[in-house]
Amino acid sequence: MKEQLRACILKGIEGCFADGTLSSGVVPAIAIEKPAHAEHGDFASNVAMQMAKQERKAPRAIAEIIVNKLSGSSELIGKLEVAGPGFINFFIKDSAWRKTLALIAEQGSEFGKSTVGAGKKVQVEFVSANPTGPLHIGHGRGAATGDAVASLLKAAGFDVQKEYYINDAGNQMNTLGLSGLLRYRELLGEKIEFPENCYQGDYIKDIARDAIAKVGDRYLNAPQEEGVAYFAKLGGDQILHGIDLDLRDFGVVLDHWFSEQSLFDDGKVPSAIKEMQDKGLIYEQDGALWFRTTDYGDDKDRVVVRSNGVTTYFASDIAYHRDKFERGFDWVIDVWGADHHGYVPRLKGVVQGLGRKADDLGIILVQLVSLLRDGVPVAMSTRSGEFVTLKEVVDEVGRDAARFFFLMRRSDSQLDFDLELAKRQSADNPVYYVQYAHARIRSIFETARERGLAPDFSALKLELLESAEDLALIKKLSLYPEILEGAAVNFEPHRITYYLQELAGEFHSFYNKSRVIIPEEPQLSQARLFLLDGVATVLKNALTVLGISAPERM
RNA sequence: GCGCCUGUAGCUCAGUUGGAUAGAGCAACGGCCUUCUAAGCCGUAGGUCAGAGGUUCGAACCCUCUCAGGCGUGCCA
């Protein structure tokens, strides 16, 4: 709708140049916005104000000229006004709005999707939690965000792959192995002082028990290194498997799992370091190798290989991101916890060092989640192992509510997640509010059928949809495509949750004011059924893109 | 110290990338079910957009400074 209008205005201005009513010949970028107040029309543009300088005329005068040119020139525009300091207000004809409904019916689940992505290859990497413990609620927000962004980008026409990076190569794996080994020895009767820096959670004991079942006491008296290696492998595999299951229960299915260790096995870490050395981006000092991240705006250079010869996590990251681009991705997106924000400059530096643009790497920072129960904070401490896991949350509130709540806020603002609110089945709870709208519509169709009013959209009289409520709903529906696209390219799934609440609200208002099944007015009934079918389609499309179900009945 | 993020109604948050009289939900108060799902709707009230300057026709949004909170600042991951 906006685009059509934009083309219209452009044609009008060019027309003015052609007949001499305007003279500068310079057309500014035409901004079209949706005014905050209905009396300012469906859309408004400030082109006249933008042209004022070049034209050497008062904005309102320019606006008048354009309005004269435009009036009657399009079947889109019903009424035009010059207002305020020089705005042009556009009132779109109702008939033009109603065309959205036909479009929705025609496109169905495709409605809202676009092709801006043009098939560009994008990778979204998210969660990527260390395989040293189960996913907690913070990972849940990252998972919901990454998954939603991936599916938004897909809807915007990108070719998207979802990847999980497994940090299976650092110190933490030794710690995991040691934790397992100690619990194992403890279970076999040894008295153990369990170190504070080991993983405290009970899942470690489960791993130890599993080991006893598998290998008995084989590692009781074996050299410690062997035991640590064994438990690192066993624990890592089991925990990773559990993570995959938890994610699947949450509705998240990764396309690819990438092992950090494989970078070493395939020699990709040294070759990446060599490339950077050859480019002069890595230098030696104090026996260590440093990457010149300060060339790219970082506070200080960063160590890649320590003086003891061991590579850092950063070295793996260089190799990993180099590998991503070598796999042919045009655009690489990382979803991180906001506590990693300090890594942004150095990784942007790496990407540029690889000969890419800084923007070829997109980074989404996901802020902390505070868990509440009826407004009271739930105590959480990762150190003691008393964290709340994603699985516990999903089991308690359900997948749909959990996903919706995680996506309700901008990812870089902190999130309060109230378990009791998420479970509540009332208007307080936005998930149910939205889903209820969908179920309600389906229920109306059910009732219509029972009463012998079979939907028949072959001879529609859409002009009967003329009430304020009818049109408000239609206008809200026609907004969906641009909302979807904006949410995708800005990595902002919360725009969809807000839109859903607005659309559901518009529907509930409609419902309380308008009747759909009216025996004495079959044509209006059919038109309204057609309208509601469109509402249900858009509700479902938007819920689906967030990975949330649209129930038929509640 | 330096860097990043945040500061909008009592609470939780939006604000279409600089537009017209700053919005929604919750909480509060008052109404609406013999009618297609009350898991719903309507109304009332609520604001120094942290503060101070600046940029311009126009600022919650851009620039500078100040204040408050969070995070980061390792040859850990």
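Numbers restart at 1 for each chain; the letters A, B, ... are given by sequence-line order, proteins then strands.
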Report task. Using Watson-Crick or G-U wobble geometry with both distances below 3.5 Å, tell me the partner of C71(B), or none. Result -> G3(B)

Requested in this report: Verify the contact: side-chain N or O of Ser509(A) to OP1 or OP2 of C42(B), cut-off strictly under 4.0 Å; return yes or no.
Outcome: yes

Query raised in the report: For U37(B), does OP1 or OP2 lie under 4.0 Å from any side-chain N or O of Ser443(A)?
Result: yes

Query - Short side-chain N/O contact to U12(B) OP1/OP2 from Ser413(A), under 4.0 Å - result: no

**Report entry** Distance below 4.0 Å between Arg410(A) side-chain N/O and U6(B) OP1 or OP2
**Finding:** yes

Query - Polar side-chain contact Asn46(A)-A20(B) base: donor and acceptor under 3.5 Å - result: no

Query raised in the report: When we call it a touch if two heavy atoms are under 4.0 Å apart, what does Ser514(A) touch: a base, just sugar-phosphate, or nothing?
Result: base

**Report entry** Donor-acceptor pair (no angle test) under 3.5 Å: Arg495(A) side chain, U16(B) base
**Finding:** no

Query raised in the report: U16(B) phosphate, OP1 or OP2: any side-chain N/O from Tyr480(A) under 4.0 angstrom?
Result: no

Query raised in the report: Looking only at atom P, what distance separates G69(B) and G74(B), rounded to whole Å?
Result: 23 Å

Report summary line: Counting primed atoms, P, OP1 and OP2 as sugar-phosphate and everything else as base, the B/S/- map of nucleotides 68-76 of chain B against protein heavy atoms under 4.0 Å is --SBS-SBB

Query raised in the report: Checking Ser413(A) side chain against Arg409(A) main chain: does a donor-acceptor pair fall under 3.5 Å?
Result: no

Query - Ring-on-base stacking A20(B) with Phe87(A) (under 5.5 Å, under 30°) - result: yes

